[in-house]
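Notes follow once the structure below has been shown.
Because the structure is predicted, anything quoted here is derived from the model rather than measured.
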Amino acid sequence: MKVITLLLHASVGFAWTITPRLPGYLSKREISINASDYPAYRIDIPVDHYNASDNRTYENRYWVNPKYYKTGGPVFYFDAGEQNASPLVPYFLYEAAGPSSVMTLAKRFNGLAINFEHRFYGDPGVGSFPFPMNASGMAEGGYEAYKYLTTEQALQDPVYFAHHFQPPGLEQYWSLLDPIYTPWVWLGGSYPGIRGAHMRVRNPETFFATWASSAPTEAAVDMWTYYAQAERSMTRNCSADYTHVTNYVDSVLANGTTIDKNKLKLDLYTAVLSGPGGMKPETVNQTEADGLSNAAVGNYLQLPLSFYQYYGFEASVKPFCDIMETFNQTHTATTDNGGTAPAIASESGIAITHNITAAWNAFLVGIAEIDYDSVPYHDDPIQDNSWMWQYCSEYGYYQVGNPANPHTIESRFISLDLFQSACNATFPVGLPPTPNVAAPNKYGGWHINPSNIMFSSGEYDPWRALSPASIELGSPHRTTSQVVPACNVPPANDSIFGIIYRDMVHVSDMRALLNTSDVNHQNFSTVGFSSPISTEPFYAGVSLFQSALEEWLPCFGNGTYGSELVYQSPRSL
């Protein structure tokens with residue numbers, strides 16, 4: 001059984017659809033996409049943008065689709081962020097399984113579509129690497145390499161790229177495509193959304209407009225609020241029992257006898273190794289169970305939430321809740337049988353209606369019955385290490401338990417010290433004592449407020465907690481409005497221009513998944529930037545951003561740009 005913890009972010013998460021067993025189409029072997037069908041171009045980019053005496057460069061990958069481009073059309077730049085960009089190309093530049101934001105807007109405004117890869121990410125051997133990567137996915141040279149993976153170096157890459165953009169086959173347009181003469185429009189979700197927001201503050205002369213989806217612009221070391229969003233989305237009985245179980249386990253681990261602790265660990269470990277339909281493991285190693293750390297136990301408690309980030313409560317956690325709250329009698333009528341028997345699933349939860357022992361046993365049944373191991377998962381050590389350096393050095397986002405939260409569903413043993421020790425073990429040289437969140441937050445954090453930007457977010461997105469649309473304690477509680485601001489005019493400081501998608505979670509709007517028979521959409525390197533459960537956020541987001549561009553594009557340059565690219569509204573009768 002693999003233990004999955006969402007230290008991420010961003011754009012990469014875990015896809016899961018269970019009702020309550022894995023649907024057949026998810027068990028199919030994933031087909032591979034032939035990368036040679038989508039050849040990458042390369043541009044030489046400085047390793048160090050801020051040292052004139054350092055003339056080293058590296059090759060950064062990018063992809064272009066000029067299908068809809070007409071002279072003078074905008075450049076629509078899609079940022080891949082903290083992952084290998086190659087698997088995204090068929091979906092965003094060629095719409096393999098449904099429409100994408102970048103191509104829909106390119107078609108509407110006769111634009112050029114680009115997918116750009118972030119430094120220190122990509123396919124082994126051919127990615128965008130300023131330094132060679134070894135077999136374990138680490139940059140050779142350690143800190144001497146990773147010191148060039150910073151917010152500022154990475155932000156300067158697309159700026160340099162935009163001003164040196166010379167795509168093969170479009171030679172006649174090279175001079176015209178410079179941001180001086182053509183508006184560049186940034187599209188990105190999660191960490192790429194943060195980058196797009198930073199660009200509108202840092203380099204508005206290069207990137208004219210931005211659509212920032214699910215962008216946690218407030219970097220923070222302590223992000224206990226990550227699971228607060230998940231808890232809010234739960235049914236109240238499941239939330240209550242999850243909280244009671246978490247507190248019960250923490251109490252045993254902190255104060256129980258050795259016998260109590262070892263029994264709890266063995267029961268949990270057995271459930272983790274079990275399978276649907278009451279399948280039990282042939283043997284359970286008592287020594288292995290006894291040796292589980294408190295943090296490992298805490299991670300196992302989070303298994304039902306492993307896929308929440310992209311699938312939300314109903315499509316991921318609810319099947320577990322249904323099993324737990326009915327003692328795995330999900331197909332039995334839950335009425336009170338004419339008043340002769342109590343309902344199977346109580347409204348207040350098992351712990352309150354019965355006791356904590358019953359709730360714990362029901363929780364174990366839920367863990368056992370959900371077949372987590374059947375979900376396909378391909379690890380990317382390059383991505384894991386590069387993103388870990390970024391959050392350990394500058395972004396934080398330590399998704400820790402908070403025992404002071406009366407609704408906590410995360411163990412207190414998932415702590416700040418745990419995260420920091422993992423960072424220090426992986427990178428023993430070069431990290432600050434704690435992430436330097438001031439580096440990205442200098443662009444505004446929660447309060448970021450540039451012009452020509454649209455923020456979008458899911459109502460229950462865990463990363464909304466650190467976005468401009470946050471409703472958490474300490475956030476500015478800005479309101480979200482669909483009124484398009486005037487070009488180059490920021491909205492009022494207490495508001496943002498954008499949209500909140502009801503019941504949705506992380507980056508649900510950058511593309512629409514229409515071909516659900518495509519098994520590749522279950523590959524965790526491609527599921528990001530779209531909603532596997534609804535196409536509505538895509539169409540709503542694209543429509544609103546299109547309306548914004550119709551307002552903003554004519555003011556580019558001397559104020560007469562692209563009048564022929566913007567449709568005129570029909571006169572009223």
Side-chain angles (χ1 to χ4, degrees), residues 1 4 6 13-23 26 226-249 267-268 271-272 274-278 298-335 342-375 401 405-411 458-462 503-506 532-534:
M1 166 63 73
I4 301 171
L6 292 180
F14 300 93
W16 186 36
T17 305
I18 278 183
T19 56
R21 299 188 184 182
L22 205 65
L26 278 183
Y226 181 93
Y227 288 105
Q229 290 284 66
E231 186 277 327
R232 288 189 189 110
S233 72
M234 289 180 176
T235 54
R236 292 300 85 192
N237 57 356
C238 189
S239 165
D241 281 331
Y242 217 125
T243 296
H244 280 108
V245 164
T246 300
N247 289 328
Y248 163 72
V249 170
D267 290 345
L268 179 59
V272 169
S274 297
N299 272 329
Y300 280 137
L301 294 183
Q302 296 300 109
L303 278 172
L305 299 164
S306 296
F307 311 98
Y308 176 83
Q309 179 165 304
Y310 287 112
Y311 278 74
F313 170 72
E314 187 167 350
S316 64
V317 187
K318 185 176 181 292
F320 165 83
C321 289
D322 287 346
I323 292 171
M324 177 172 68
E325 293 304 322
T326 62
F327 302 94
N328 200 23
Q329 299 181 61
T330 54
H331 301 295
T332 303
T334 58
T335 65
I344 293 174
S346 65
E347 293 181 358
S348 55
I350 297 169
I352 293 175
T353 304
H354 300 281
N355 53 59
I356 187 57
T357 301
W360 172 235
N361 289 333
F363 187 93
L364 293 174
V365 170
I367 291 286
E369 287 296 313
I370 299 296
D371 192 7
Y372 299 99
D373 272 343
S374 295
V375 182
N405 173 18
H407 301 288
T408 185
I409 56 173
E410 185 178 16
S411 169
E459 180 184 11
Y460 293 119
D461 178 7
D503 293 331
M504 299 306 295
V505 275
H506 196 54
I533 58 177
S534 175

Ignoring hydrogens, what is the shortest heavy-atom contact between [X] and [Y]? Give both atom names and the distance.
| X | Y | value |
| --- | --- | --- |
| Pro276 | Asp371 | CG-CB, 3.6 Å |
| Ile323 | Val365 | CG2-CG1, 3.9 Å |
| Ala362 | Met324 | CB-O, 3.4 Å |
| Ile367 | Tyr300 | CD1-O, 4.0 Å |
| Asp461 | Gln229 | O-NE2, 3.2 Å |
| Pro406 | Thr243 | O-CG2, 3.4 Å |

Carefully, step by step, assess Ile352 and His244 under the rule side-chain contact (heavy atoms from CB on, under 4.5 Å). CA-CA 9 Å; Ile352 293 175; His244 280 108; 3.8 Å; yes
Roughly how far apart are [X] [atom1] and [Y] [atom2], rounded to 0.5 Å?
| X | Y | atom1 | atom2 | result |
| --- | --- | --- | --- | --- |
| Arg232 | Ser239 | CZ | OG | 11.0 Å |
| Ser316 | Gln309 | OG | CD | 11.0 Å |
| Asn328 | Asn361 | CG | CG | 13.0 Å |
| Arg236 | His407 | CZ | NE2 | 7.0 Å |

Working note: Ile533 + Met504, criterion side-chain contact (heavy atoms from CB on, under 4.5 Å); need CA distance, chi angles, decisive distance, verdict. CA-CA 9 Å; Ile533 58 177; Met504 299 306 295; 3.9 Å; yes
So Tyr308 and Tyr227, do their side chains get closer than 4.5 Å, heavy atoms only? no
Counting C-beta onward and ignoring hydrogens, is there a side-chain heavy-atom pair between Leu305 and Glu410 closer than 4.5 Å? no
State whether the side chain of [X] and the backbone N or O of [Y] hold a donor-acceptor pair below 3.5 Å, judged by distance alone.
| X | Y | result |
| --- | --- | --- |
| Tyr242 | Leu301 | yes |
| Thr353 | Gly349 | yes |
| Asp241 | Ala359 | no |

Mind telling me whether Phe327 and His354 have parallel, tilted or perpendicular rings, with 30° and 60° as the class edges? perpendicular
Can you say whether the rings of Phe363 and Phe320 are parallel (under 30°), tilted (30 to 60°) or perpendicular (over 60°)? perpendicular
side-chain contact (heavy atoms from CB on, under 4.5 Å) between Asn237 and Glu347, intermediate numbers included: CA-CA 5 Å; Asn237 57 356; Glu347 293 181 358; 5.8 Å; no
Val505/Phe313 under side-chain contact (heavy atoms from CB on, under 4.5 Å): CA gap, chis, key distance, verdict: CA-CA 9 Å; Val505 275; Phe313 170 72; over 6 Å; no
